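Taking it in order: structure first as structure tokens, then the write-up.
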Number of protein chains: 2
Amino acid sequence: MLSKKTQYALKALGYLAGKYGQGPVLISEISIEKKIPIKFLETILLELKQANILESKKGKGGGYYIAENPKKISLARAIRVVGGPIALLPCVSLNFYEKCLDCDEATCGLNKAMALTRDATLKILEKKTLAELIDG
Amino acid sequence: MLSKKTQYALKALGYLAGKYGQGPVLISEISIEKKIPIKFLETILLELKQANILESKKGKGGGYYIAENPKKISLARAIRVVGGPIALLPCVSLNFYEKCLDCDEATCGLNKAMALTRDATLKILEKKTLAELIDG
DNA sequence: ACAGCAGTCTACTGATACAATAGACTTAAA
DNA sequence: TTTAAGTCTATTGTATCAGTAGACTGCTGT
């Protein structure tokens, strides 16, 4: 299951994708439209900015906007930034790998099965982009 | 990510699958062989029994054993018993479905993407069985 | 019958991560 | 120079995860 935080992030990104090219969008606007607690949303957007998915402008007329064409940003990338690993086990994670303590990966059936599901999941999440989160 | 509990469950089931047809196996044996805290393992095995994946025998010569041929029990079934949903969002879960509060599933791009990943994941986890978790 | 083995059950505890909140600070535009 | 907006630090409540303790029940062999 994706965490609430990750779900909020994806909803916010979908909203911003729909406004791509139209200048900065207020945190408060996203918060109201997408029903996300504003203070929580602040921290999420900041993380996405630090990962170069979003950019921001301070002061009057400021707000957040997507840093590059939404079609160039995959869901996998966004999920990793706010939600961590996509794989079901650390020993099959590409970006957050940790070795299994008590099994040999070459012969572990569980490892094989989970590596397959990781591949299947990534095939979709690397392909889908923020542009496909736009409403309607 | 699968919880520690789910990982322990799958490791224990793999061990039991390797001993299928050889009578009851002690909790303590599984605990030592698979390096799982014994008290934690107790609760996990009990859950698996209540879901009819395992059976048990009390007293001397007792222990746990798999209830039916390991080839008949999918990883998806086992994971659902101890770990809950496989889908990444409640609104695309088949067994633990919850409606999204603020989006229309028919038009929600996120819903579509997550439904696809659920299908891809299940295709693998419904097919893989406990028999494939046997070591070596 | 009973001794001891092994699973069952109830209850609790500590740690961690998730979710959310408060308030002071910085930057930029009008 | 006032005001709007994002930024940062810090704290809090809550739930779930992970693990522990100990008493109880049922089975088997002697």
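Note that the structure is predicted; figures quoted are calculated from it, not measured.
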Worksheet item: Is a donor-acceptor contact shorter than 3.5 angstrom present between the side chain of A:Lys39 and the base of C:dG23?
Response: yes
Discussion item. From C-beta outward on B:Lys4, which listed nucleotide comes closest to its side chain: D:dG19, D:dG6, C:dC9?
Written reply: D:dG19
Worksheet item: Has B:Gln50 got a side-chain N or O lying under 4.0 Å from the OP1 or OP2 atom of C:dC9?
Response: yes
Discussion item. In this structure, how many angstroms lie between the P atom of D:dT20 and the NZ atom of B:Lys5, rounded?
Written reply: 16 Å
Worksheet item: Considering only side-chain heavy atoms of B:Pro37, which listed nucleotide, C:dT21, C:dG7, D:dG19, is closest?
Response: D:dG19
Worksheet, complete the sentence: From the candidates D:dG6, C:dG7, C:dA29, the one with an atom nearest any side-chain atom of B:Ser56 is C:dG7
Fill in: Whole-Å distance separating the CD1 atom of B:Ile38 from the C1' atom of D:dA21
13 Å
Practice prompt. Would you mind reading off the distance between A:Ile30 atom CD1 and D:dA5 atom P, rounded to a whole angstrom?
Written response: 13 Å
Fill in: First of A:Lys58 and A:Thr6 reached from the 5' end of DNA chain C, by closest nucleotide
A:Thr6
Discussion item. By the 4.0 Å heavy-atom rule, please label B:Glu55 as base, sugar-phosphate, or nothing.
Written reply: nothing
Worksheet item: Nearest to the side chain of A:Lys57 - C:dA29, C:dG7, D:dA21?
Response: C:dA29
Item to complete: Indicate, with a heavy-atom threshold strictly under 4.0 Å, whether B:Leu45 touches base, sugar-phosphate, or nothing.
Response: nothing
Worksheet item: Between atom CE in A:Met1 and atom C1' in C:dA17, what is the gap in whole Å?
Response: 17 Å
Item to complete: Measure from CG on A:Leu2 to P on C:dC18 and round the result to the nearest Å.
Response: 12 Å
Worksheet entry | Straight-line distance of B:Leu75 CG to B:Leu133 CG, nearest 0.5 Å | 5.0 Å
Fill in: Length of the line joining B:Ile44:CD1 and D:dC17:C1', which is rounded to integer Å
11 Å
Worksheet item: Rounded to the nearest Å, what distance is computed from the CD atom of residue B:Glu29 to the P atom of nucleotide C:dC5?
Response: 17 Å
Worksheet, complete the sentence: The residue, A:Gly62 or A:Thr43, whose nearest nucleotide of DNA chain D is more 5′ is A:Gly62
Discussion item. If the cut-off is 4.0 Å, is A:Tyr8 near the phosphate of C:dA19, judged by side-chain N/O to OP1 or OP2?
Written reply: no
Worksheet item: Rounded to the nearest 0.5 Å, what separation is found between the CG atom of B:Leu88 and the CD1 atom of A:Ile86?
Response: 8.5 Å
Worksheet entry | From B:Leu13 atom CG to B:Leu54 atom CG, the distance as rounded to the nearest 0.5 Å | 5.5 Å
Discussion item. Go nucleotide by nucleotide along DNA chain C from the 5' end; which of A:Glu42 and A:Gly61 gets its closest nucleotide reached first?
Written reply: A:Glu42
Item to complete: Find out whether B:Ile30 and B:Leu45 are in side-chain contact, i.e. whether some heavy atom of one side chain is under 4.5 Å from a heavy atom of the other.
Response: yes
Worksheet item: What is the distance from CD of B:Gln7 to P of D:dC17, rounded to the nearest Å?
Response: 13 Å
Worksheet entry | Spacing of CG belonging to B:Leu116 relative to CZ belonging to B:Arg118, to within rounding of 0.5 Å | 8.5 Å
